[in-house]
Visitor: 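Mind having a look at this structure? Questions to follow.
These numbers were taken from a predicted model, which means no experiment stands behind them.
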Amino acid sequence: MIAVVLGGGCATTDEPQDLAPGERPAIHTDEAGLWMLSDKYEQSVISSGRLEKDSVLNDYVAAIVCRIAPLICSDIRTYVVDTPHFNATMSPNGFMQVWTGLLLRADNEAQLAYMLGHEVSHYVRRHSINIWRDYRKKSGVLAYFTLVTALGGGGCSSNLAQLLALSSVFAFSREQEREADDLGLNRMIAAGYDPHQAVRIWESLELERQAEDDEEPSIFFATHPSTRERVALLHERARAGRGKIRPPLRDASEFLALTEANRFKWLRDEVRLRRFNATEVLLKRLLARGDSPGEVHFFLGEVYRLSGADANRRKAVESYIAAIDAGKAPVETHRSLGLVYRKLGEGELARRSFQDYLAMAADADDHDMVETYLKDI
């Protein structure tokens, strides 16, 4: 995945060997410079205000890393970062970011374990130093300092355009991605996970990507090989590796409980990206797997309402009503339903929805605004 890390120092032509547990590069090497800048980048992310505060969730994700990489677990520092895009990143100094957009999209612990195993494999194989050396050979001094400045000052608050620019430089090669896929698959199998789940998460992502059509490509797909090729290879390797799993397979109950506790916030951030076609695909997949239907139907209604398309207003109404009928719908469902009815010119239905909202959320921040809507009907 994206290796948004830089470095300097004295170059070496030696092909790096796999990173050993507890190992740090010698201080005189260019790899040591890469680690130093990665340390700085890690601190900028820590101080960015974007770290997920759910300590139970953070501990859970870190435990999966230790399960798939027991020998180097103590060398890896894992942070769940509150960013709605699908991604995880691994810096050469052992700093791993897991973005909440990935946690939202993973169906189970096995899929998450595959993605983490993939990132750990980039780290152990020292792929970042290889691409950094290659980049320095091809680029001028000005480009080098521009990127160092961007990294040192951007942190996790960098905008998507900046992240895309950095990731295009530090994207792993197809060969490195294939190697990380292989090694990540081996790690998940050794830990007792079903390797076919690695295929399924890619298939789900591809459906979202196709739905985006001409929209701006996600930061993840901008730097990765063909999904069709990847799925075919993973299918083949998963079939070969399925019989090597030590039973029993791990269940998904803990994963589902932890992600459900955070799903409202993650879905809210997802909808705010305004990638409505892709988000619709995601939400329908969550409904198909049975996730909190009241909550998911509400956000599907939000996608239809916020898209602004006249044809989607009736779909929004249907989704909000489905949310209410399913039970445990967010209280905002009634306000949003009132807003759509208001747009449709159905004043009495809008009035009832707004009144229901105010009765359930008497202290809401938008109480006065909704009162104004009622007076205007």
Side-chain angles (χ1 to χ4, degrees), residues 1-2 50 52 54 57-58 60-61 64-65 68 78-90 96-119 160 163 167 181 184-185 188 193-212 215-224 227 230-231 234 252-293 295-300 302-303:
M1 296 181 193
I2 300 169
R50 301 291 292 276
E52 175 58 58
D54 185 337
L57 178 65
N58 276 280
Y60 171 74
V61 174
I64 298 175
V65 173
I68 60 174
T78 306
Y79 304 88
V80 177
V81 181
D82 191 11
T83 300
H85 301 280
F86 180 97
N87 207 7
T89 72
M90 187 82 207
M96 177 185 282
Q97 298 182 58
V98 180
W99 292 6
T100 52
L102 164 57
L103 295 174
L104 174 63
R105 285 166 172 80
D107 288 333
N108 49 52
E109 187 176 298
Q111 292 184 3
L112 177 57
Y114 160 71
M115 302 304 294
L116 300 182
H118 178 102
E119 291 304 313
L160 183 59
L163 287 174
S167 65
D181 276 341
L185 204 66
M188 73 180 295
Y193 295 105
D194 179 2
H196 287 96
Q197 294 300 326
V199 180
R200 288 170 190 148
I201 194 168
W202 281 107
E203 291 173 334
S204 298
L205 284 171
E206 176 62 9
L207 291 175
E208 286 189 46
R209 189 196 67 79
Q210 291 173 0
E212 288 181 23
E215 297 173 29
E216 185 178 57
S218 74
I219 190 170
F220 185 80
F221 280 104
T223 59
H224 278 68
T227 304
R230 197 166 220 161
V231 165
L234 284 172
S253 57
E254 188 176 9
F255 173 85
L256 292 176
L258 286 171
T259 52
E260 184 173 0
N262 292 278
R263 190 177 297 121
F264 183 89
K265 178 177 66 175
W266 297 346
L267 286 174
R268 179 197 61 200
D269 292 343
E270 169 69 22
V271 171
R272 286 174 177 172
L273 292 176
R274 304 186 73 83
R275 299 184 309 135
F276 297 127
N277 293 336
T279 302
E280 180 183 8
V281 170
L282 168 64
L283 290 168
K284 288 183 175 179
R285 184 163 65 83
L286 296 182
L287 284 173
R289 76 183 193 190
D291 287 22
S292 306
E295 186 174 85
V296 179
H297 273 300
F298 163 69
F299 281 108
L300 189 57
E302 292 290 270
V303 164

Visitor: Which residues satisfy the side chain to side chain donor-acceptor pair (under 3.5 Å) test with Glu52, sequence neighbours excluded?
Guide: Lys265
Visitor: With rounding to the nearest 0.5 Å, note down the distance linking CG in Leu112 to CD1 in Ile68.
Guide: 8.0 Å
Visitor: Drop me the distance from Thr259's OG1 to Glu254's CD, to the nearest 0.5 angstrom.
Guide: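 Nearest 0.5 Å value for the OG1-CD distance: 10.5 Å.
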Visitor: Compare all side-chain heavy atoms of Leu57 with those of Leu103 and state whether any distance is below 4.5 angstrom.
Guide: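 In short, these two side chains touch, coming nearer than 4.5 Å.
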Visitor: Using every non-hydrogen atom in the two residues, find where Leu102 and Ala88 come nearest and quote the distance to one decimal.
Guide: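 Closest pair (atom of Leu102, atom of Ala88, distance): CD2-CB, 3.9 Å.
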Visitor: Check Asp82, Thr100, Thr83 against Arg50 for a side chain to side chain donor-acceptor pair (under 3.5 Å) and give me the one that passes.
Guide: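 That would be Thr83; it is the only one of Asp82, Thr100, Thr83 passing the side chain to side chain donor-acceptor pair (under 3.5 Å) with Arg50.
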Visitor: Can you tell me how far the CD atom of Glu302 sits from the CZ atom of Phe276, to the nearest 0.5 Å?
Guide: 9.5 Å
Visitor: Please identify each residue that fulfils salt bridge (charged side-chain N to carboxylate O under 4.0 Å, His left out) with Arg272, with sequence neighbours left out.
Guide: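 Counting only residues at least two positions away or on another chain, Arg272 forms a salt bridge (charged side-chain N to carboxylate O under 4.0 Å, His left out) with Asp269.
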Visitor: Using modelled atom types only, decide if a donor and an acceptor are shared between the side chain of Glu119 and the backbone of Met90 within a distance under 3.5 Å.
Guide: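 Side chain of Glu119 to backbone of Met90, a donor-acceptor pair under 3.5 Å: yes, one is there.
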Visitor: Using a strict cut-off of less than 4.0 Å between a Lys/Arg side-chain nitrogen and an Asp/Glu carboxylate oxygen, indicate whether Arg209 and Glu206 qualify as a salt bridge.
Guide: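 Yes.
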Visitor: Run the side chain to side chain contact (heavy atoms under 4.5 Å, CB included) test on Asn262 and Asp54 for me, step by step, so that the C-alpha distance in whole Å, both residues' side-chain angles and the decisive distance to 0.1 Å come before the verdict.
Guide: CA-CA 9 Å; Asn262 292 278; Asp54 185 337; 3.1 Å; yes
Visitor: Find out whether Leu300 and Leu287 are in side-chain contact, i.e. whether some heavy atom of one side chain is under 4.5 Å from a heavy atom of the other.
Guide: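 Of all side-chain heavy-atom pairs linking Leu287 with Leu300, at least one is under 4.5 Å.
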Visitor: So, using ring pair (Phe, Tyr, Trp, His ring centres under 6.0 Å) as the criterion, who are the partners of Phe298 when residues are at least two apart?
Guide: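 So Phe298 forms no ring pair (Phe, Tyr, Trp, His ring centres under 6.0 Å) with any residue.
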Visitor: Could you grab the distance from atom CZ of Phe299 to atom CG of Leu283, nearest 0.5 Å is fine?
Guide: 8.5 Å
Visitor: Applying side-chain contact (heavy atoms from CB on, under 4.5 Å), name anything that partners Ser292, two or more places apart in sequence or on another chain.
Guide: Glu260, Arg263, Glu295
Visitor: Applying salt bridge (charged side-chain N to carboxylate O under 4.0 Å, His left out), name anything that partners Asp181, two or more places apart in sequence or on another chain.
Guide: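 In terms of salt bridge (charged side-chain N to carboxylate O under 4.0 Å, His left out), with neighbours along the sequence ignored, Asp181 is linked to Arg230.
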Visitor: Can you tell me how far the CG atom of Asp194 sits from the CD atom of Gln111, to the nearest 0.5 Å?
Guide: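 CD of Gln111 is found 9.5 Å from CG of Asp194.
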Visitor: Would you mind reporting whether Met115 and Val98 have side-chain heavy atoms less than 4.5 Å apart?
Guide: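 Val98 does not reach Met115 side chain to side chain.
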Visitor: Please round to the nearest 0.5 Å and tell me the distance separating atom CG of Leu104 and atom CG of Leu286.
Guide: 6.0 Å
Visitor: Under the side-chain contact (heavy atoms from CB on, under 4.5 Å) test, which residues partner Ala110, sequence neighbours left out?
Guide: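 If we apply the side-chain contact (heavy atoms from CB on, under 4.5 Å) test to Ala110, skipping adjacent residues, the hits are Asn108, Met188, Tyr193, Gln197.
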Visitor: What residues form a side-chain contact (heavy atoms from CB on, under 4.5 Å) with Arg285, not counting sequence neighbours?
Guide: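 Listed in chain order: Arg105, Asp107, Ser204, Glu208, Leu282, Arg289.
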Visitor: Output, in order, the C-alpha distance, side-chain angles, deciding distance and verdict of side chain to side chain contact (heavy atoms under 4.5 Å, CB included) for Leu258 and Val61.
Guide: CA-CA 10 Å; Leu258 286 171; Val61 174; over 6 Å; no
Visitor: Checking Leu273 now: which residues fulfil side-chain contact (heavy atoms from CB on, under 4.5 Å) with it, not counting sequence neighbours?
Guide: Pro84, His85, Glu270, Arg275
